[in-house]
Peer 1: 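To start, I am sharing the structure in question, which I have written as structure tokens.
Computation of the quantities below employed the complete heavy-atom set of this structure, encompassing side-chain atoms and omitting hydrogens, waters and symmetry-equivalent molecules. Since this is a predicted model, take the numbers as computed values, not measurements.
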Amino acid sequence: MSMISPLDEKLALIYSPLMPTAFYNLLLEKGFTLLDCHPEEYLSSGGLNLNVLPVKPKECIMIDGFPLTKKQMEDAGCTVHVFEGDALCIACEGGPTCLTNPILRG
């Protein structure tokens with residue numbers, strides 16, 4: 001999760017400096033729209049601005065405090081919910097995707 005977070009079937013938030021060129025180009029060939037997150041937020045957060053949890057297409061949860069990244073996703077048509085992650089995520093260096101657990105449904 002330190003280089004890509006899917007937001008919809010063909011939409012992803014990325015940090016391109018970490019992406020292999022072949023993977024980046026493959027996503028473009030497959031018709032993906034890639035939102036390259038703001039590098040200053042990525043570097044200052046240790047990548048936590050990119051740790052976004054999609055809960056349904058174009059709706060996601062992220063840690064509050066990364067307004068440039070949030071605006072990018074909203075400008076792409078996403079609904080972005082935020083939560084204070086100071087104690088739970090930032091101190092432990094884990095984002096919302098680390099707080100999930102699979103559920104087996106009948």
Peer 1: Are the side chain of E74 and the backbone of V80 linked by a donor-acceptor contact shorter than 3.5 Å?
Peer 2: no
Peer 1: Is there side-chain contact between I4 and F32, with at least one heavy-atom pair below 4.5 Å?
Peer 2: no
Peer 1: Between the side chain of K56 and the main-chain N/O of D8, is any donor-acceptor distance below 3.5 Å?
Peer 2: no
Peer 1: Does L68 share a hydrophobic cluster with L13, counting links as ILVMFWY side-chain heavy atoms below 4.5 Å and allowing steps through other members?
Peer 2: no
Peer 1: For E59, does its backbone N or O pair with a side-chain atom of T79 as donor and acceptor, under 3.5 Å?
Peer 2: no
Peer 1: Atom NZ of residue position K71 - does it have more than 12 heavy atoms of other residues, nucleotides or ligands inside 6.0 Å?
Peer 2: no
Peer 1: Checking N51 against M62 for the side-chain contact (heavy atoms from CB on, under 4.5 Å) test, could you report, in this order, the C-alpha distance in whole Å, the side-chain angles of both residues, the deciding distance, and whether it holds?
Peer 2: CA-CA 7 Å; N51 195 309; M62 73 179 294; over 6 Å; no
Peer 1: Is there a side-chain contact between L27 and E29, using heavy atoms and a 4.5 Å cut-off?
Peer 2: no
Peer 1: Can you tell me how far the CD1 atom of I61 sits from the CZ atom of F83, to the nearest 0.5 Å?
Peer 2: 7.5 Å
Peer 1: Restricting to non-hydrogen atoms, name the atom on P54 and the atom on P6 that form the minimum distance, rounded to 0.1 Å.
Peer 2: CG-O, 3.4 Å
Peer 1: Less than 4.5 Å apart, side chain to side chain, heavy atoms only: is that true for V52 and F66?
Peer 2: no
Peer 1: Compare all side-chain heavy atoms of L7 with those of C60 and state whether any distance is below 4.5 angstrom.
Peer 2: yes
Peer 1: Got a second to check how far S16's OG is from M3's CE, nearest 0.5 Å?
Peer 2: 11.5 Å
Peer 1: Within a reach of under 6.0 Å around CD of E40, are more than 12 heavy atoms found that belong to other residues, nucleotides or ligands?
Peer 2: yes
Peer 1: How long is the span from the NE2 atom in H38 to the CG atom in L50, to the nearest 0.5 Å?
Peer 2: 12.5 Å
Peer 1: Quick one: closest heavy-atom pair of K10 and K30, and the distance?
Peer 2: NZ-O, 2.5 Å
Peer 1: Just by distance, with hydrogens left out, do E41 and T69 show a side-chain donor and acceptor under 3.5 Å apart?
Peer 2: yes
Peer 1: Heavy atoms, side chains only, cut-off 4.5 Å: are Y24 and L34 in contact?
Peer 2: yes
Peer 1: Is there a side-chain contact between C37 and N49, using heavy atoms and a 4.5 Å cut-off?
Peer 2: yes
Peer 1: In the single-linkage hydrophobic clustering (I, L, V, M, F, W, Y; side-chain heavy atoms under 4.5 Å), do L35 and L26 co-cluster?
Peer 2: no
Peer 1: Would you check if K58 and M73 make a side-chain contact, meaning some heavy-atom pair closer than 4.5 Å?
Peer 2: no
Peer 1: Hey, are the side chains of P17 and Y42 touching, using non-hydrogen atoms and a 4.5 Å cut-off?
Peer 2: no
